[in-house]
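Report on the following structure.
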Amino acid sequence: MQNTVQKIPDRLAAVLGRIESAAEAVGRSPAEISLLAVSKRHPASAVRELAAAGQQSFGENYVSEALEKIHQLEQLDLQWHYIGPLQSNKTRQVADHFAWVHSVDRPKLLQRLSRQRAADAPPLNCCLQVNIGGEAGKSGIPAEDFSRLADLAACAASLPGLRLRGLMSIPPPTDQVDQQRRQFACLAGLRDRLVAEGHALDTLSMGMSNDLEAAIAEGATLVRVGTALFGPRPD
Ligand SMILES: *Cc1c(COP(=O)(O)O)cnc(C)c1O
């Protein structure tokens, strides 16, 4: 355990190095890409360790687990992103405790989040989740259904408690880099179409431990990395 904890700063340096090389390989500035550390199923002590090494933004997938960590780490002034499946009965906690949500795919969720966001808080930053690759039963608006995505974007943009920032996807995992790139390019294309409709989107949330290079090559502005920072998740 001690060993795992001591390696965290080295892992952070390695991931930042990967982001930098991937950006430079396609002529982008590494400064355009932010790193979200996905701390799901890792203890608050691991988050603390990474925060001490300079990481400020953390992503969580399970509301009750997240709230416990947020509470334990209150003093650190971290930025929390909710990236897990979202149900209506959890929107209040997300609106109260997070700066960002990446996983919205229904107007009802947007309406609840906006209504529940405190009036004196900054608007909740939102990404709409798209299902690339068409896996049945997965969250997200099907990539083929642009009109539904456009309607959802219009809904998000109209709500005072929210700030629509962009799109998020978790494409089916593959080791084929060209396939990874095709999937990420699809999300980038949908972002471009929404921008053409007048939405000011600055975020493409895509790429994880195994495919962040392909995501950066296709325009990711935020990569969500768990395993490469924290090691394998405990069960
Ligand atoms: C778990 C998770 C990640 C991180 O995955 P790794 O492969 O561990 O880097 C990123 N995004 C989402 C939505 C996740 O659930």
Side-chain angles (χ1 to χ4, degrees), residues 4 7-8 10-19 21-22 33-44 46-47 49-50 53 55-67 69-70 78-87 90 94 98-106 109 124-133 135 137-141 143 165-177 179-181 183-184 186-188 203-235:
T4 318
K7 281 195 215 135
I8 283 181
D10 297 338
R11 288 194 171 124
L12 175 61
V15 169
L16 293 173
R18 284 176 64 189
I19 292 171
S21 311
I33 299 142
S34 51
L35 171 62
L36 181 67
V38 178
S39 45
K40 65 174 179 235
R41 305 223 299 272
H42 291 286
V47 173
E49 190 80 8
L50 197 54
Q55 177 65 25
Q56 228 234 324
S57 306
F58 291 86
E60 287 282 341
N61 291 57
Y62 311 103
V63 171
S64 56
E65 179 193 328
L67 294 192
K69 274 178 243 181
I70 291 171
L78 302 176
Q79 188 186 63
W80 294 96
H81 295 226
Y82 188 74
I83 62 174
L86 186 55
Q87 275 136 22
K90 296 288 164 60
V94 171
F98 288 82
W100 283 70
V101 57
H102 293 230
S103 44
V104 190
D105 61 4
R106 299 195 293 285
L109 296 173
L124 179 63
N125 296 292
C126 269
C127 290
L128 307 178
Q129 184 170 351
V130 176
N131 180 355
I132 306 262
E135 292 169 291
K138 273 246 194 139
S139 313
I141 297 208
R165 299 296 295 266
L167 302 179
M168 177 273 223
S169 188
I170 316 167
T174 165
D175 290 334
Q176 304 284 303
V177 175
Q179 177 69 5
Q180 293 171 357
R181 286 193 57 163
Q183 296 181 146
F184 292 132
C186 171
L187 193 70
T203 303
L204 265 183
S205 167
M206 60 188 195
M208 318 202 297
S209 293
N210 286 330
D211 55 14
L212 67 87
E213 283 83 2
I216 289 170
E218 296 300 340
T221 65
L222 182 154
V223 292
R224 308 177 311 265
V225 178
T227 310
L229 289 170
F230 292 106
R233 280 180 279 280
D235 293 319

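Atoms within a ligand are numbered from 1 in the order they appear, just like the ligands themselves.
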If the condition is ring-ring contact (aromatic ring centres under 6.0 Å, His included), which residues does His102 pass it with, not counting sequence neighbours?
His81, Trp100
Which residue pairs satisfy the salt bridge (Lys or Arg N to Asp or Glu O under 4.0 Å) criterion with at least one member in residues 214-233, sequence neighbours excluded?
Arg181-Glu218
Is there side-chain contact between Arg11 and Leu50, with at least one heavy-atom pair below 4.5 Å?
no
Is there a donor-acceptor contact under 3.5 Å from the side chain of Lys69 to the main chain of His42?
yes
Salt bridge (Lys or Arg N to Asp or Glu O under 4.0 Å) involving Lys138 - partner list, sequence neighbours excluded
Glu135
Report each N/O pair between ligand 1 and the protein that falls under 3.5 Å, naming both atoms.
from: ligand 1; atom 1: 8 (O); to: Thr227; atom 2: N; distance (Å): 2.8
from: ligand 1; atom 1: 8 (O); to: Thr227; atom 2: OG1; distance (Å): 2.6
from: ligand 1; atom 1: 8 (O); to: Arg233; atom 2: NH1; distance (Å): 2.8
from: ligand 1; atom 1: 8 (O); to: Arg233; atom 2: NH2; distance (Å): 3.2
from: ligand 1; atom 1: 9 (O); to: Ser209; atom 2: N; distance (Å): 3.0
from: ligand 1; atom 1: 9 (O); to: Ser209; atom 2: OG; distance (Å): 2.5
from: ligand 1; atom 1: 9 (O); to: Gly226; atom 2: N; distance (Å): 2.8
from: ligand 1; atom 1: 11 (N); to: Arg224; atom 2: NE; distance (Å): 2.9
from: ligand 1; atom 1: 15 (O); to: Lys40; atom 2: NZ; distance (Å): 2.7
from: ligand 1; atom 1: 15 (O); to: Asn61; atom 2: ND2; distance (Å): 2.6

For the residue pair Thr174 / Gln180, report whether a side-chain donor-acceptor contact shorter than 3.5 Å exists.
no
